[in-house]
Amino acid sequence: DVKVTQSSRYLVKRTGEKVFLECVQDMDHENMFWYRQDPGLGLRLIYFSYDVKMKEKGDIPEGYSVSREKKERFSLILESASTNQTSMYLCASNPGTVAGEISYEQYFGPGTRLTVT
Amino acid sequence: GIQVEQSPPDLILQEGANSTLRCNFSDSVNNLQWFHQNPWGQLINLFYIPSGTKQNGRLSATTVATERYSLLYISSSQTTDSGVYFCASLRDYGQNFVFGPGTRLSVLP
């Protein structure tokens, strides 16, 4: 079974702090994603990565950055946390291709509920 | 870009009842996926269904791409079906999705 883990289930930070959210997948997947989930808005893509050291902006990248130094790890960074970044953060991974065919299946981590006070 | 809408936003059922969740999308899509998020927050894939009908146990899904909608059917609902159901449409680039706002389902014993 694919396992995607996130460093914390719950996190409370103060405004202005630098926050690191870590995501690790154990299945050698090519693609990794960071979403935030807010009531009534579904999941919105923040950043994604198709390869080590590669990153692409999603729909709402402002206020966030990411790092992918190793294939299995994708980090989301809030440079200076603000109260409007209080949310549930979900990491996902995707294998890229399976048996030569493009795979669209996404495997999600359990989520980190971040509160910024 | 693609817009994804879902209805109803909330649904309360008695255990054993059937239900239909709807997903509309604003433009032609190449494919569509349904997800379930359980009450503890874990999201899992249910169906990847660009067109046609698929069934998995008590759940089935139908996508009519030409009419820009997809339906998720839940039969003989159980309390473990509770949670939020999302549909998501693949963007026209890459392997990531645009998600709808979700339908929150509560199945009462």
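Just so you know, these numbers come straight off a predicted model, no measurement behind them. We name chains A, B, ... by the order of the sequence lines, and we start the count at 1 in each one.
- At most 12 heavy atoms of other shown residues, nucleotides or ligands fall within 6.0 angstrom of atom NZ in Lys70(A).
- Atom-to-atom distance recorded for Phe99(B):CZ and Leu45(A):CG is 9.0 Å, nearest 0.5 angstrom.
- Within 6.0 Å of atom CZ in Arg73(A), 12 or fewer heavy atoms from other residues, nucleotides or ligands are found, so the atom counts as exposed in its surroundings.
- The local environment of CD in Glu17(A) is crowded, with over 12 non-hydrogen atoms from other residues, nucleotides or ligands closer than 6.0 Å.
- Looking at Gln37(B), the atoms closer than 4.5 Å to chain A (heavy atoms on both sides) all sit in the side chain, from C-beta outward.
- When each of Tyr107(A), Tyr35(A), Phe108(A) is paired with Leu43(B), the side chain to side chain contact (heavy atoms under 4.5 Å, CB included) condition holds for Phe108(A) and for no other.
- Clustering ILVMFWY residues whenever any of their side-chain heavy atoms sit less than 4.5 angstrom apart, transitively, puts Tyr89(A) in a cluster other than the one holding Ile77(A).
- Residue Leu108(B) qualifies as enclosed at atom CG: its count of foreign heavy atoms under 6.0 Å is above 12.
- Taking a 6.0 Å sphere around CD of Gln14(B), one finds it holds more than 12 heavy atoms contributed by other residues, nucleotides or ligands.
- Taking the side chain as every heavy atom from C-beta outward, Leu43(A) and Phe86(B) approach each other to under 4.5 Å.
- The minimum heavy-atom distance between Pro101(B) and Gly40(A), with the atom names listed, is CB-O, 3.3 Å.
- Considering only heavy atoms from C-beta on, Gln106(A) comes within 4.5 Å of Phe97(B) through its side chain.
- A heavy-atom distance below 4.5 Å is not found between the side chains of Gln42(B) and Leu90(A).
- Each of Gln37(A), Met88(A), Arg9(A), Arg44(A) has some count of heavy-atom pairs under 4.5 Å with chain B, and the biggest count is that of Gln37(A).
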